[in-house]
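Okay, so here's the structure we're looking at.
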Amino acid sequence: MTAGALKYEGCNYFRQRLILATLSGRTVKIENIRADDDNPGLRDHEAGFLRLLDMVTNGSHVEINYTGTTVIYKPGLLVGGSKLRHDCGTERSIGYFLEPLVCLAPFCKSRLQITLSGITNEKSDPSVDLIRTATLPLLKHFGVEETTELKGTKR
């Protein structure tokens, strides 16, 4: 599965690497994820992001080694879906998961309708309000029209 895969090291740009792999259809192998750390491997929010990618794609395949320091991701087709639910946990805010979805949603075969639950605002991630008021209006410049909507139902 790793023949011809793009190979990276470390946890930097984890989401970006997986987003671009999904859009390009290329397999990615990421090694030495916090290998020298006291708590090596993937964090819960990164594993949650992999689950989210699996939810909005069809046929993706993820392999994680025992320690969590190596991930092999073979992307599937972006299918989207309606009435999907994802728990973002409390380690990172919803913005951590929403940013990649904004990048991927225009390329899904069907409309992406998902409910994300978790914290809405945290210092290291953009808030849901920032994404709604700044990022979504920019999508109009790329041909993504009025069908884009973001609702906050509970704080």
Side-chain angles (χ1 to χ4, degrees), residues 5-34 37 41-62 64 68 71-155:
L6 299 172
K7 295 182 179 160
Y8 299 104
E9 288 195 10
C11 60
N12 292 338
Y13 308 108
F14 184 75
R15 292 180 305 159
Q16 290 84 348
R17 290 171 177 168
L18 296 177
I19 291 168
L20 294 173
T22 303
L23 291 174
S24 66
R26 299 279 312 265
T27 300
V28 174
K29 182 177 184 178
I30 305 172
E31 300 176 301
N32 298 324
I33 300 171
R34 297 183 192 86
D37 198 28
L42 291 174
R43 299 290 184 253
D44 289 340
H45 63 277
E46 293 165 330
F49 179 63
L50 285 167
R51 285 191 296 276
L52 181 62
L53 280 179
D54 188 49
M55 189 182 304
V56 299
T57 60
N58 184 17
S60 60
H61 182 75
V62 177
I64 304 171
V71 172
I72 300 171
Y73 172 68
K74 182 178 185 241
L77 296 172
L78 277 166
V79 292
S82 62
K83 298 183 183 177
L84 301 175
R85 297 187 156 278
H86 181 71
D87 181 12
C88 299
T90 57
E91 207 172 282
R92 297 296 288 264
S93 73
I94 290 174
Y96 176 85
F97 299 88
L98 193 54
E99 270 185 318
L101 288 178
V102 168
C103 296
L104 296 174
F107 300 97
C108 291
K109 286 189 174 213
S110 63
R111 184 176 179 181
L112 179 62
Q113 182 183 6
I114 188 165
T115 302
L116 300 173
S117 60
I119 56 176
T120 56
N121 195 9
E122 195 240 349
K123 64 180 178 178
S124 62
D125 298 313
S127 70
V128 174
D129 294 326
L130 176 68
I131 292 172
R132 182 176 37 80
T133 58
T135 306
L136 292 183
L138 287 174
L139 291 177
K140 291 179 184 175
H141 296 290
F142 296 98
V144 179
E145 291 298 322
E146 307 296 325
T147 60
T148 306
E149 182 180 21
L150 176 61
K151 289 188 222 174
T153 58
K154 194 174 180 184
R155 297 247 176 205

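For clarity, every value in this text was computed on a predicted model and none was experimentally measured.
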Got [X] and [Y] here, is their nearest side-chain heavy-atom distance under 4.5 Å?
{"X": "Tyr13", "Y": "Ile19", "value": "no"}
{"X": "Leu52", "Y": "Leu84", "value": "no"}
{"X": "Pro106", "Y": "Phe142", "value": "no"}
{"X": "Val128", "Y": "Asn121", "value": "no"}
{"X": "Leu104", "Y": "Leu53", "value": "yes"}
{"X": "Tyr73", "Y": "Ile30", "value": "no"}
{"X": "Ile131", "Y": "Ile94", "value": "no"}
{"X": "Ile114", "Y": "Met55", "value": "yes"}

field: All pairs passing salt bridge (charged side-chain N to carboxylate O under 4.0 Å, His left out) where residues 19-33 contributes a residue, at least two apart
entry: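 Listed by first then second residue: Lys29-Glu31.
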Considering non-hydrogen atoms only, spot the tightest contact between [X] and [Y] and give its length.
{"X": "Tyr96", "Y": "Arg15", "result": "O-NH1, 2.7 Å"}
{"X": "Ala21", "Y": "Pro75", "result": "O-CG, 3.3 Å"}
{"X": "Leu138", "Y": "Ala134", "result": "CG-O, 3.4 Å"}

task: Report the distance from atom OG1 of Thr115 to atom CG of Asp87, rounding to the nearest 0.5 Å.
output: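 Separation between the atoms: 12.0 Å.
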- request: First locate atom CZ of Arg92, then atom CD of Glu46, and finally report the distance between them rounded to the nearest 0.5 Å.
  value: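 Spacing of CZ (Arg92) from CD (Glu46) equals 8.0 Å.
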- prompt: Does the pair Thr135 and Leu98 meet the rule for a side chain to side chain contact (heavy atoms under 4.5 Å, CB included), with working shown?
  reply: CA-CA 11 Å; Thr135 306; Leu98 193 54; over 6 Å; no
- request: Using modelled atom types only, decide if a donor and an acceptor are shared between the side chain of Ser93 and the backbone of Ile119 within a distance under 3.5 Å.
  value: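 No, Ser93 side chain to Ile119 backbone: no donor-acceptor pair under 3.5 Å.
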- prompt: So, Arg34 side chain and Gly41 main chain: donor-acceptor pair closer than 3.5 Å or not?
  reply: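 Side chain of Arg34 to backbone of Gly41: a pair is present.
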task: Determine, stepwise, if the pair Thr120 / Asp129 fulfils side chain to side chain contact (heavy atoms under 4.5 Å, CB included).
output: CA-CA 8 Å; Thr120 56; Asp129 294 326; over 6 Å; no
Would you please name every residue forming a side-chain hydrogen bond (donor to acceptor under 3.5 Å, both in side chains) with [X], sequence neighbours left out?
{"X": "Asn12", "answer": "none"}
{"X": "Glu91", "answer": "His45"}
{"X": "Glu122", "answer": "Ser124"}
{"X": "Asn32", "answer": "Glu9"}

message: For Arg17, give me all partners under salt bridge (Lys or Arg N to Asp or Glu O under 4.0 Å), at least two apart in sequence or on another chain.
response: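 Salt bridge (Lys or Arg N to Asp or Glu O under 4.0 Å) list for Arg17, sorted by chain: empty.
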field: Asp54/Arg51 salt bridge by N-O under 4.0 Å criterion
entry: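 Asp54 and Arg51: not salt-bridged.
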Worked verdict on Val28 versus Leu20 for side chain to side chain contact (heavy atoms under 4.5 Å, CB included): CA-CA 10 Å; Val28 174; Leu20 294 173; over 6 Å; no
message: I need the full list of ring pair (Phe, Tyr, Trp, His ring centres under 6.0 Å) pairs touching residues 97-134, with sequence neighbours left out, sorted by first then second residue.
response: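 Listed once each, the pairs are His86-Phe97.
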- request: Name all residues meeting the side chain to side chain contact (heavy atoms under 4.5 Å, CB included) criterion together with Ala105; count only those two or more places apart in sequence or in a different chain, and write none if there are none.
  value: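 Applying side chain to side chain contact (heavy atoms under 4.5 Å, CB included) to Ala105 gives Leu112.
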